[in-house]
Amino acid sequence: MDPGTEAGTSGEKGGSLKRHLLIGGASVSAARVSMVAFGFMAYLYLTRTLGPAGYGLYGLAVTISQWVAIVVQAFAGGATVQLVAGNSDGDHYAVSILRLAMVLGLILAAALAVSAPWLSEMLRASDLPLLLSVMALEIPLMGMSAVHGHVLMARGRFREWTFLSMGYWAVRLVLSVSLVHYGGTPLWATVALPIASLLQLCVAAWLTGISVTDKDSVPWRSLLFHNRKRTASVLLNGLFSRMDMVAVQWWGGSSYVTGLYAAARNLSDVAGGILNSGQAVVLPVLAKAHGRGDTALRDGLGREFLRYSLYLGGWILAMSVLCLDGLTILLGTEYVGAGPVAMVLLMGIGIRIIGSPGAVILNARGDRGTILPQLTVVIALACACYRWLPGWLPASTFSVVIALVASAVALAMSFFVLRELTLTTETPMPWPSYGRTALALFASVSLALFARFEWIPVLSWTDLFLLGGIVSATFFLVLRVLGEKQMATKR
């Protein structure tokens, strides 16, 4: 092939992928904004209507069901984008992944429904069994919907995925408000979730055109054993990620205490939604660039994603100080004890965002590196802390300690995954950028705490927005003054 023709073809491919990235970025941003908006409205309504005790019971049921559903995500959904986007016969993989998600979801749903009375007794929550039985219905529906969504993303159909996500959250909000207004109990709040997931699944199946009855597929063995170590890492991390809620209920034995923690946890999850927005766009584009051999686009986009995540994670760490008073302003004086917990959990989210590019880049490249040994040790230590540490602490502080353990695990995981990225791909760590971001974080948080205690007693929405503006302006201004305009990586 003529060199000029080959260069032109490569440029066309790179331009096509960049256009996909721009369209995908705009679409996913719109979807995430709607998700945050609708989810936040539902969060405000449910916390205020159900109260800490009712919201704690609802949050515990949702947490346990999502905990179980992580198994489906790890085995069926974790590799969907990579396999569909990175292979010419991606639709065959999609059919098999969808079948696997359905079978695993049905098995796990039956197991959760059967074990609901035992879980209720162990966690000292007598009203939990019926809620868990309802939430069990959502596990296969949610797993199959997620597979269809991943297929849309892998095909570059970002607009359809956007409308699908926006529709789901809008329907979930309307159903939650309507049913809780009608019934007034946590049970009706849980009923809204499987109904919304069923509607989402019907629309998603129509958009992708993929069905479990399609004949073209690949053997399940190639899915179950695809990158086994990385699947085990996802499974282990996912199972641990919701263990803190269970630990709070275990030690507190009170839906009220769990409700305070759930309110703080769900507020931090709103910021966690931002984490998935970057991953959802970057992963399929990186996988396609890697599959086509476009190393320039793959490595350049990876560096930009590192930069984006570093600044975003640092900013969220700085903004976490607003949670001290923010939850009381948002939810009322009943939730005054949830502020410190929300601050600590939001710090963990910021740390996860900083470390997230490592996992995304490794996954897109198909590298077999894994942090499974380190992850196993860290989670084992954290579980030991969950099991014994709260027993030595006053009841008023163990929720904060559990949140601290969860954030410490996030810190360890981010360190290990970025270290794995440097060892596996020889990507240099941008230490100067991390140093400048740390200085900006220290300056913004110090000024915010001084303003909070000496200048602006946060008593209203106006005070909260003013303090947030001070934090944001200081953080990005210090970055600018220090000359942090681009990642300090080798090009």
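Atoms considered below: every heavy atom in the structure, side chains included; atoms not considered: hydrogens, waters and symmetry mates. As the structure is a computational prediction, the values presented were derived from the model and not from experiment.
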List the atom of [X], the atom of [Y], and the distance in Å for their closest heavy-atom pair.
X: Val147; Y: Ala101; value: CG2-CB, 3.9 Å
X: Leu441; Y: Ala318; value: CD1-N, 3.3 Å
X: Ser414; Y: Val417; value: O-CG1, 3.4 Å
X: Arg352; Y: Ala410; value: CG-CB, 3.7 Å
X: Leu50; Y: Thr185; value: CD2-C, 3.9 Å
X: Ser444; Y: Val471; value: CB-O, 3.6 Å

Side chains of [X] and [Y]: does their closest heavy-atom pair fall under 4.5 Å?
X: Ser309; Y: Ile354; result: no
X: His148; Y: Leu201; result: yes
X: Tyr58; Y: Thr63; result: no
X: Tyr168; Y: Val203; result: no
X: Leu324; Y: Val321; result: yes
X: Arg307; Y: Tyr311; result: yes
X: Tyr45; Y: Met41; result: no
X: Phe40; Y: Leu330; result: yes

Got a donor-acceptor contact below 3.5 angstrom from the [X] side chain to the [Y] backbone?
X: Thr422; Y: Arg419; value: yes
X: Ser65; Y: Val62; value: yes
X: Tyr43; Y: Ala263; value: yes
X: Ser446; Y: Ala443; value: no
X: Gln249; Y: Leu123; value: yes
X: Ser472; Y: Gly469; value: no
X: Ser356; Y: Ile353; value: yes

If we count only N and O atoms by modelled type, under 3.5 Å, do the side chains of Thr328 and Asp325 hold a donor and an acceptor together? no
Can you check side-chain contact (heavy atoms from CB on, under 4.5 Å) on Leu137 and Leu198, steps first, answer last? CA-CA 9 Å; Leu137 300 174; Leu198 176 60; over 6 Å; no
Please work out which of the three classes, parallel, tilted or perpendicular, describes the rings of Tyr386 and Phe240, given edges at 30° and 60°.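 Rings of Phe240 and Tyr386: parallel, under 30°.
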Starting at CG of Leu327, measure out to OG1 of Thr47 and round the result to the nearest 0.5 Å.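 Answer for the CG-OG1 pair, Leu327 versus Thr47, is 8.5 Å.
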Mind checking the CG-OG spacing from Leu108 to Ser115? Nearest 0.5 Å is all I need. 10.0 Å
Is the number of heavy atoms from other residues, nucleotides or ligands under 6.0 Å of Trp251 CH2 greater than 12?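 Counting neighbours around CH2 of Trp251, more than 12 heavy atoms of other residues, nucleotides or ligands fall under 6.0 Å, so yes.
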Yes or no on side-chain contact (heavy atoms from CB on, under 4.5 Å) for Phe475 and Thr437, after CA distance, side-chain angles and deciding distance? CA-CA 8 Å; Phe475 179 79; Thr437 303; 4.0 Å; yes
